[in-house]
Amino acid sequence: MTDLLREGLAEWADEARTPHDLADRALRGRRRKPGRWLAVGAAVATAAALVAVFVPEREPATPDPAASVTVEVTYPPRPAAETDVRTDTENNPPKKLIAAGQYAVSAYFTYQAGESNGDPVKRRWSLYDPRSGGYEDTGWAWVDVAPGLHLAAVLEGDGLGRRVGLMDLTTREVLRWIDLEQPAGSLVWSPDGSRLLATTYSEYPDMVQKDGEQHPDVHKPVRTGYYLIDPATGNAEHHALPSMEDSKFGDPEGKPFNMNRRQDLGWSHDGALLWMPTATQPAKVYLTLDGAPAEAPDKATADSYRSEPRWSPDGTKLLTGDGLPTKVVGRDGAVLGEQRLLQQWAWADDENVIGLGCYRKCSNEFHSSLVMTSVDGKKVTELSTYQKGDEGRWYPVLTRR
């Protein structure tokens, strides 16, 4: 990758300060009812739960022949950040960009499931296209958009993939391919847009699980580790990290566990640490970049199943989790306002929250829409159409603009 690309990534590091959302995204965290957009929110955690974590074995980096090859590219400049509100309340899934304040829906996916118990449940991704101002259906196994909405990481493959592409979002040109020796099942940009994290698996983790017909492999541990990828050089360093185990009889009280096959890793808000999801509280267990146990940087963040910061940009207000109703509190714990939200997702700005709102009197939690609401709950802006049940449901990914 040329010096121009490296300078561009450094520029991102100066401008982008908060992370992508992924990570949570659907299927991350605890098991939940079909049709929910995201995992259920957090409760009070115990500090003891952070102690029992895996100490992974670091694998030596495998040289990538392509990494030493200079590739002439023109790095796409990061556009000026926008803060306007954009909605699509007519189309389901959306055809026009949805955005509010500092976040935009950079991509979304739908699920495609097999017929039989144990069949794979694949994601079909649609990616923001700045040329049209809407979304384009893709064939990638996974996508994640860097802060600024002008560069995407794409995973080539059928569910799992062994090749990561760095793609100019506007031209749709893949500027660089990065080969992986171990198959990856997810990608997520670091908060400053300078690195990529790819979680690796021995088998595709998502499967059909029919009611009353538990598949024998539904809790099979399949995570093998993770790659830290430098997009500027193409270097991809793998670290072994097996799946967190399910709970067992005799486990010490407060020991975190996770029975899910998919256990994608994420970044801390400053990019200094990684986290792995649990099915307990706290929702996240933190690791150094090398995979050693680390203390949670913030209890509120550790308790949340979301990746976006729970503190407002000015640091004075805290999202408390799921409702109904939801609450925002101050530094002293005083309630600053209530919102008719099912879930709080992110801060649009210091005074407005992006979240999942339910239709009218909220008689059905699955009849829901992406909305923006003021902290006091008096002003609500519908951002997307209301979805009811699982039919045609799509799952948005938020990215810093």
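Since the structure is predicted, the reported quantities are computational estimates derived from the model, not experimental observations. No hydrogens, no waters, no symmetry mates; every other heavy atom, side chains included, goes into these values.
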Exercise for the section: Evaluate the criterion salt bridge (Lys or Arg N to Asp or Glu O under 4.0 Å) for residue pair Asp246 and Lys248; output intermediate values, then yes/no. Expected result: CA-CA 6 Å; Asp246 198 353; Lys248 300 187 297 293; over 6 Å; no
When you measure from the side chain of [X] to the backbone N and O of [Y], does any donor-acceptor pair fall under 3.5 Å?
| X | Y | result |
| --- | --- | --- |
| Trp347 | Pro313 | no |
| Arg162 | Leu155 | no |
| Tyr103 | Trp345 | no |
| Asp88 | Asn91 | yes |

Quick one: list whatever passes side-chain hydrogen bond (donor to acceptor under 3.5 Å, both in side chains) with [X], sequence neighbours left out.
| X | value |
| --- | --- |
| Arg131 | Asp129 |
| Thr316 | Asp314 |
| Glu136 | Arg172 |
| Lys327 | none |

Suppose we screen for salt bridge (Lys or Arg N to Asp or Glu O under 4.0 Å). Which residues come up paired with [X], at least two apart in sequence or across chains?
| X | result |
| --- | --- |
| Lys378 | none |
| Arg163 | Glu156 |
| Arg261 | Glu203 |
| Asp251 | Lys255 |

Find out whether [X] and [Y] are in side-chain contact, i.e. whether some heavy atom of one side chain is under 4.5 Å from a heavy atom of the other.
| X | Y | result |
| --- | --- | --- |
| Met276 | Leu287 | yes |
| Val218 | Asn260 | no |
| Gln263 | Met244 | yes |
| Leu342 | Cys362 | yes |
| Glu82 | Leu149 | no |

Nearest atoms (heavy-atom pairs only) where [X] meets [Y]:
| X | Y | value |
| --- | --- | --- |
| Thr326 | Gly321 | CG2-O, 3.3 Å |
| Leu127 | Ala152 | CD2-CB, 4.3 Å |
| Ser194 | Pro231 | O-CD, 3.2 Å |

Problem - Residue pair Asn117, Gln209: steps toward the side-chain contact (heavy atoms from CB on, under 4.5 Å) verdict - result: CA-CA 5 Å; Asn117 201 29; Gln209 183 62 31; 4.0 Å; yes
Exercise for the section: Take atom NZ of Lys210 as the centre, draw a 6.0 Å sphere, and report whether it contains more than 12 heavy atoms from other residues, nucleotides or ligands. Expected result: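 Atom NZ in Lys210 is crowded, with more than 12 foreign heavy atoms closer than 6.0 Å.
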Handout entry: Crowding at CD, Gln112 (>12 non-hydrogen neighbours, <6.0 Å)
Key =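 More than 12 within 6.0 Å, yes.
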Problem - Test log, rule salt bridge (Lys or Arg N to Asp or Glu O under 4.0 Å), inputs Asp206 and Arg123 - result: CA-CA 9 Å; Asp206 304 327; Arg123 287 170 169 82; 2.9 Å; yes
Exercise for the section: Would you give the length of the straight line joining atom OG1 of Thr200 to atom CD of Gln182, rounded to the nearest 0.5 angstrom? Expected result: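 Rounded to the nearest 0.5 Å, the OG1-CD separation comes out at 5.0 Å.
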Practice task
Kindly state each residue pair satisfying salt bridge (Lys or Arg N to Asp or Glu O under 4.0 Å) with at least one member in residues 342-354, sequence neighbours excluded.
Solution key: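 Pairs touching residues 342-354 that pass the test: Lys317-Glu351.
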Problem - Lys/Arg N to Asp/Glu carboxylate O, Asp158 vs Lys122, below 4.0 Å - result: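 So Asp158 pairs with Lys122 through a salt bridge.
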Practice task
Measure from NZ or CZ of Arg124 to the centre of the six-membered ring of Trp394, then state whether that distance is under 6.0 Å and the direction lies within 45° of the axis.
Solution key: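 Verdict for Trp394: no cation-pi partner in Arg124.
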Problem - Intermediate values then yes/no, side-chain contact (heavy atoms from CB on, under 4.5 Å), Leu289 and Tyr226 - result: CA-CA 10 Å; Leu289 298 189; Tyr226 60 95; 5.9 Å; no
Handout entry: ring pair (Phe, Tyr, Trp, His ring centres under 6.0 Å) involving Tyr135 - partner list, sequence neighbours excluded
Key =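 Here the qualifying residues are Tyr108.
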Problem - Under the ring pair (Phe, Tyr, Trp, His ring centres under 6.0 Å) test, residues paired with Phe257 that sit two or more places apart - result: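 Result, ring pair (Phe, Tyr, Trp, His ring centres under 6.0 Å) vs Phe257: none returned.
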Handout entry: Flag for Asp270-Ser268: side-chain donor and acceptor within less than 3.5 Å
Key =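 Side chains of Ser268 and Asp270: pair found under 3.5 Å.
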Exercise for the section: Evaluate the ring planes of Trp125 and Phe109, with Trp represented by its six-membered ring, and classify them as parallel (under 30°), tilted (30 to 60°) or perpendicular (over 60°). Expected result: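 Answer is tilted, since the angle falls between 30° and 60°.
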Problem - Derivation and outcome, side-chain contact (heavy atoms from CB on, under 4.5 Å), residues Val353 and Ser374 - result: CA-CA 6 Å; Val353 179; Ser374 57; over 6 Å; no
Problem - Residues that Thr199 engages under side chain to side chain contact (heavy atoms under 4.5 Å, CB included), provided they are two or more places apart - result: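 With neighbours one apart ignored, the set is Ser186, Tyr201, Arg223, Asp264, Leu265.
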Practice task
Check step by step if side-chain contact (heavy atoms from CB on, under 4.5 Å) holds for Leu370 and Ile98.
Solution key: CA-CA 9 Å; Leu370 190 62; Ile98 294 175; 4.1 Å; yes
